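Okay, so here's the structure we're looking at.
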2 protein chains.
Amino acid sequence: MADELARLLWGPQARPRRGPKPALSLDGIARAGIEVADAEGLAALSMQRVAELLGKTKMSLYRYVPGKAELVALMTDRAVEDPPDLTGGDWRTDLTAWSAALFRAFAQHPWLLETTVGARLMGPRELSWVERALAALDGKGLTGGERLDAVVLLTSHVRGIAQQSRASGTEAEARLVAALAGVLREHGDDYPATLAAMTAPTEERDQALTFGVERILDGLEALIARRAGS
Amino acid sequence: MADELARLLWGPQARPRRGPKPALSLDGIARAGIEVADAEGLAALSMQRVAELLGKTKMSLYRYVPGKAELVALMTDRAVEDPPDLTGGDWRTDLTAWSAALFRAFAQHPWLLETTVGARLMGPRELSWVERALAALDGKGLTGGERLDAVVLLTSHVRGIAQQSRASGTEAEARLVAALAGVLREHGDDYPATLAAMTAPTEERDQALTFGVERILDGLEALIARRAGS
DNA sequence: TCAAAACTGTGTCCGTCGGACGCTGTTTGT
DNA sequence: ACAAACAGCGTCCGACGGACACAGTTTTGA
């Protein structure tokens, strides 16, 4: 099971030596899946849908991929672009750029928000993102666990903001805002702080990503300084 | 649609004046759903499953709830306990306690991680969590948008840690760790920082929640101090 | 008093989904 | 030449969310 997935994500794709030449390939299947998910969302992704995009029947896909979960894992690692280079040197600018790039990745393929959740076996590309972020924190006096925690913290924030800005601009969001406004109009007395925060001028928006990144980096910098000082 | 959900979550549950007395209730249905999701996970939650727990047929549920999505929304708001009181006074201790309580909520009902994702209409209880956190940030010189961003930031972190500690201890995690170890044994040279961070002594664990909360609060404190100083 | 209105519970049916299984045909090594 | 290994496909299954119509029940108003 997990072995199978590890082989698919990390192992070599050796062509079998006997039998008919495969008409499809893992790459092609993954690309087709990405195309469907990009265009119609992850909910619309089905074996049937992917297969007909490739001009094959649904069952033929199972010759390449054990199941849908593995296909999604494959799509996920293929869809992520390579992480930015981060040759800046300053860890703050590095991690800021890293966060922005990660946000862009989520914006380009919103369904990644659903597929990169929870404990899972990461593929080469996904792991390379973690690697870059961890590397930026090297030699700052943090323990291994702290470095991992810091990267998870940054990732969670970017995920959260990407999630929040996902429905942004859609008609579904408009209906939601209207419904929330109606609720607050009626029960606003029970939620004074919420009402106050929401009726404040919208001002920024899109600043949410920067705001969180700066707070996190400020917090990390304080810790690093404390470690260096003692 | 959204109106329907708003009425279910926020509106009064007036008994219709004519017709047979309903054998079920929104509360009972939600409780049954929570029971299923707690015991077998959200994936095992089906109308059929809930109905047979109540001794009714699946279609009878649709007399109370328009669809599965609304049932899940209802379950979500019913499953969350009330937020802690936070009469402490100090905003840092308040938000620390708030984060810990939120983490406990996710630990008690792990499926909340799946249902409280993305833009959605929150129910009374869920919104009261937001209210408490926003109230703790009142009068600190932050704008409304910044207060909202700060709460989202904290929430994202707690979510991330809860997600990560979800599979903790299961046999699935053991297989995953083994698979990752195998991958790093083979490709570790390409991921030196990851290898270094992971082979470091496990030391803490369970400290991840505290670590992130402290970093975030440190970052917020720095901003607040800056605002107060100028 | 009684029938219409409003409502609940249920059985049936449909389309979609992931996936198991077995058959047919093709390529390659011996 | 023949068997092993493999690709593609058709068929079937169970589970799911949900539409719809029908029967039974309670209340309201004429």
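Throughout, a chain's letter reflects where its sequence line sits, starting with A, and its residues are numbered from 1. These numbers come from a predicted model, not from an experiment.
Counting any heavy atom pair closer than 4.0 Å across all strands shown, A/Leu45 reaches sugar-phosphate atoms only and no base atom. Residue-level contact check: A/Met47 touches the backbone only, with heavy atoms under 4.0 Å from sugar-phosphate atoms and none from bases. Residue A/Ser46 is classed as a sugar-phosphate contact, given heavy-atom separations below 4.0 Å to backbone atoms only.
Between the P atom of D/dG10 and the CG atom of A/Leu61 lies a distance of 13 Å, rounded to the nearest Å. Distance, B/Lys68 NZ to D/dA15 P: 15 Å, rounded to whole Å. We find that OH of A/Tyr62 is positioned 15 Å from P of D/dC9, with the value rounded to whole Å. For the pair A/Met59 CE and D/dG8 P, the interatomic distance rounds to 13 Å; values are reported in whole Å. For the pair B/Leu54 CG and C/dT10 P, the interatomic distance rounds to 11 Å; values are reported in whole Å. Rounded to whole Å, atom C1' of C/dG9 lies 17 Å from atom CD of B/Glu52. Summarising the geometry, the separation between CZ on A/Arg63 and P on C/dG19 is reported as 15 Å, rounded to the nearest angstrom. Per the geometry, CZ belonging to A/Arg49 stands 16 Å off C1' belonging to C/dG15, to the nearest Å.
Applying the 4.0 Å criterion to OP1 and OP2 of D/dG8, one finds that A/Tyr64 has a side-chain N or O inside that range. The shortest distance between the side-chain N/O atoms of B/Thr57 and the OP1/OP2 oxygens of C/dT10 is below 4.0 Å.
Judged purely by distance below 3.5 Å, without hydrogens or angles, the side chains of A/Arg159 and A/Thr116 pair a donor atom with an acceptor atom. Side chains of A/Ser156 and B/Ser156: no donor on one and acceptor on the other come within 3.5 Å. Inspection of the A/Asp38 and A/Trp111 side chains reveals an N or O donor paired with an N or O acceptor under 3.5 Å.
Of all non-hydrogen atoms in A/Leu137 and A/Ala150, the two that sit nearest each other are CD1-CB, 3.7 Å. Shown here for A/His157 and A/Ala208, the closest heavy-atom pair between the two residues is CE1-O, 3.5 Å.
Near DNA chain D, defined here as any heavy-atom distance below 4.0 Å, the residues from residues 12-24 of chain A are A/Pro16, A/Arg18, A/Gly19, A/Pro20, A/Pro22, A/Ala23, A/Leu24, listed numerically.
Annotation: A/Arg15, atom CZ; neighbour count of heavy atoms from other residues, nucleotides and ligands within 6.0 Å is above 12.
A donor-acceptor contact under 3.5 Å links the side chain of B/Lys58 to the base of D/dG17.
Using bins of under 30°, 30° to 60° and over 60° for the plane-to-plane angle, the ring pair A/Trp10/B/His187 lands in the tilted bin.
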